[in-house]
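Presented below is the structure to which this report refers.
The sequence lines fix the lettering, A, B, ..., with proteins before strands; numbering per chain opens at 1.
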There are 2 protein chains.
Amino acid sequence: MDTAIRLLEETGLPDLSMRRLAGAIGVQPSALYWHFENKQSLLAAVADRIVGAAEAAPATGDRDADVTAAAIGLRDALLSHRDGAEVVLSTQALGLGSEATHRRLAQALGGGDAAASAATVLLQFILGHASLVQQRIQAARFGAYPQDEADVVATTSADFSAGVRMILAGLDVTG
Amino acid sequence: MDTAIRLLEETGLPDLSMRRLAGAIGVQPSALYWHFENKQSLLAAVADRIVGAAEAAPATGDRDADVTAAAIGLRDALLSHRDGAEVVLSTQALGLGSEATHRRLAQALGGGDAAASAATVLLQFILGHASLVQQRIQAARFGAYPQDEADVVATTSADFSAGVRMILAGLDVTG
DNA sequence: ACCTGAACACCGTTCAAGT
DNA sequence: ACCTGAACACCGTTCAAGT
């Protein structure tokens, strides 16, 4: 499991194969199938580790501040592991992995049905955003995108804050 | 190219291999590399076809109505091809494929810098949303998610409208 | 200009058999 | 309970050679 995260960091998701992981552990590929039903459930475990790093923020009572902190925490967690957003997005989409992330956002949003629905919107924006940023960083890294990594992060941070602010403002108007 | 779309429809993205596509055309796999540099650029061409199906909506002058129509048109285009959202998301992220989609959204939003930035947010939400919905539909199709396809679409349509409304409302407050 | 044939270096998953 | 060994049915990409 720690080896899986390390391998993700070193080689990226496309190269995180069952064979390679087995090799890094020093075991036969087939041995992994004793511990995980298939590759997908192994990745779900990896996804839980990644979002687990987003600490539960101390609630300040200021809703906008709490939501913004939670959103930034999640974005940072996703971006701090290579291909983290993609791993979490596909896990989330398949209904695998824990629901702690959605719960945390819904709570910061104040709880209740409207908050749960807003949390879904926010989560989808964050995952879509982070996936795009991350693949773009990857492309930049081997020269396939005409910006360096720092520029990509700088440019997109503004987009991210704008997105979070819009969703919060919209919640007040429509909710 | 049409064969690639047909294959995507029939077998899905994971099974859309260069070998399988070549077989369906009746040609050797290596022949494809005369027409496309690699699999990624082939997929970029597929992505352009998918979003190309989202017709330019007739501008009514009502900004919210135009944006909503454009957003729904894009969502429908993504969802109407199997794995369409994933194909377009990764193409977009790599800076491959055309920028017509972003342009269309920015225009519906009124043009200018603020509109371009809002279009980015909206596009990321739509792609994140559609990816999630689509993978969930796929999961439902082979019983790995406890809802049927119709329920998934119904449930998430409400989330989608809510997201678009929030972003529009937010734009008025922050822009 | 466009395609074949053959090769290179890989995949995920299954399953009998071993300890 | 946990792992090996061997197999099955695949991948993307390259490149000399053919027409």
Side-chain angles (χ1 to χ4, degrees), chain A residues 1-49 82-83 86-91 93-97 135 138-139 141-145, chain B residues 1-49 82-83 86-91 93-97 135 138-139 141-145:
Chain A
M1 201 59 259
D2 301 278
T3 314
I5 296 263
R6 215 195 59 226
L7 254 183
L8 183 65
E9 222 53 62
E10 286 169 10
T11 64
L13 184 58
D15 286 347
L16 179 52
S17 66
M18 298 299 263
R19 286 167 184 274
R20 214 181 259 247
L21 176 58
I25 297 172
V27 91
Q28 292 288 334
S30 48
L32 298 176
Y33 289 83
W34 179 262
H35 303 281
F36 298 93
E37 207 183 326
N38 49 36
K39 191 180 181 180
Q40 206 117 239
S41 43
L42 192 156
L43 288 178
V46 171
D48 284 352
R49 284 285 189 101
R82 167 124 81 134
D83 294 330
E86 201 180 333
V87 174
V88 173
L89 175 62
S90 65
T91 298
L94 292 171
L96 304 175
Q135 290 195 241
Q138 222 51 40
R141 202 163 281 173
F142 57 87
Y145 193 79
Chain B
M1 201 61 256
D2 301 278
T3 313
I5 297 263
R6 215 194 59 224
L7 254 183
L8 182 66
E9 222 53 60
E10 285 169 12
T11 63
L13 184 59
D15 286 347
L16 179 52
S17 66
M18 297 299 263
R19 286 167 183 275
R20 214 179 258 247
L21 176 57
I25 297 174
V27 93
Q28 292 289 333
S30 47
L32 298 176
Y33 289 84
W34 179 262
H35 303 279
F36 299 94
E37 207 182 329
N38 48 38
K39 190 180 183 178
Q40 206 113 240
S41 42
L42 192 155
L43 288 178
V46 172
D48 283 353
R49 283 283 189 106
R82 167 123 82 131
D83 295 331
E86 200 179 334
V87 173
V88 174
L89 175 62
S90 66
T91 297
L94 292 171
L96 304 176
Q135 290 196 241
Q138 222 49 41
R141 201 162 280 173
F142 58 89
Y145 193 80

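Distance CG (Asp15(B)) to P (dG12(D)): 10 Å, rounded to an integer number of Å. Atom CE in Met18(A) sits about 12 Å away from atom C1' in dC11(C), given to the nearest Å. Taking atom CG of Leu43(A) as the reference point, atom C1' of dT13(C) lies 15 Å away to the nearest angstrom. For the pair Arg19(A) CZ and dC10(D) P, the computed distance is 15 Å after rounding to whole Å. In this structure, OH of Tyr33(B) is placed 6 Å from P of dG12(D), rounded to the nearest angstrom.
Base-pairing analysis of DNA chain D finds the following stems of at least three consecutive Watson-Crick or G-U pairs, with both pairing distances under 3.5 Å: C:4-8 with D:12-16, C:12-16 with D:4-8.
Side chain of Gln28(A) to main chain of Ala22(A): no donor-acceptor pair is present (N/O by atom type, distance under 3.5 Å, no hydrogens or angles).
Nearest heavy atom pair, residue Leu7(A) against residue Leu21(A), reads CD1-CA, 3.5 Å. For the pair Val46(A) and Met1(A), the tightest heavy-atom approach, listed with the atom from each and the gap, is CG2-CE, 3.2 Å. Looking at every heavy atom in both residues, Arg20(B) comes nearest to Thr11(B) through NH1-CG2, 4.1 Å.
Side-chain contact between Arg49(B) and Asp2(B) is present, with heavy atoms from C-beta onward closer than 4.5 Å. Side-chain atoms of Leu89(A) and Leu89(B), non-hydrogen and from C-beta on, do get closer than 4.5 Å to each other. Under the 4.5 Å side-chain criterion, counting only non-hydrogen atoms from C-beta, Leu43(A) is not in contact with Leu96(A). Here the side chains of Ile25(B) and Leu32(B) are in contact, with some heavy-atom distance below 4.5 Å.
If you take atom P in dC8(D) and the same atom in dA9(C), they sit 22 Å apart, rounded to whole Å.
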Nucleotides 3-6 of chain C: which of its N/O atoms have a protein N/O under 3.5 Å away?
residue, atom, partner, partner atom, Å
dC3(C), OP2, His35(B), NE2, 2.5
dT4(C), OP2, Gln28(B), N, 2.7
dG5(C), OP2, Gln28(B), NE2, 3.3
dG5(C), O6, Ser30(B), OG, 2.7

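The side chain of Arg20(A) contributes an N or O atom lying less than 4.0 Å from OP1 or OP2 of dC11(C).
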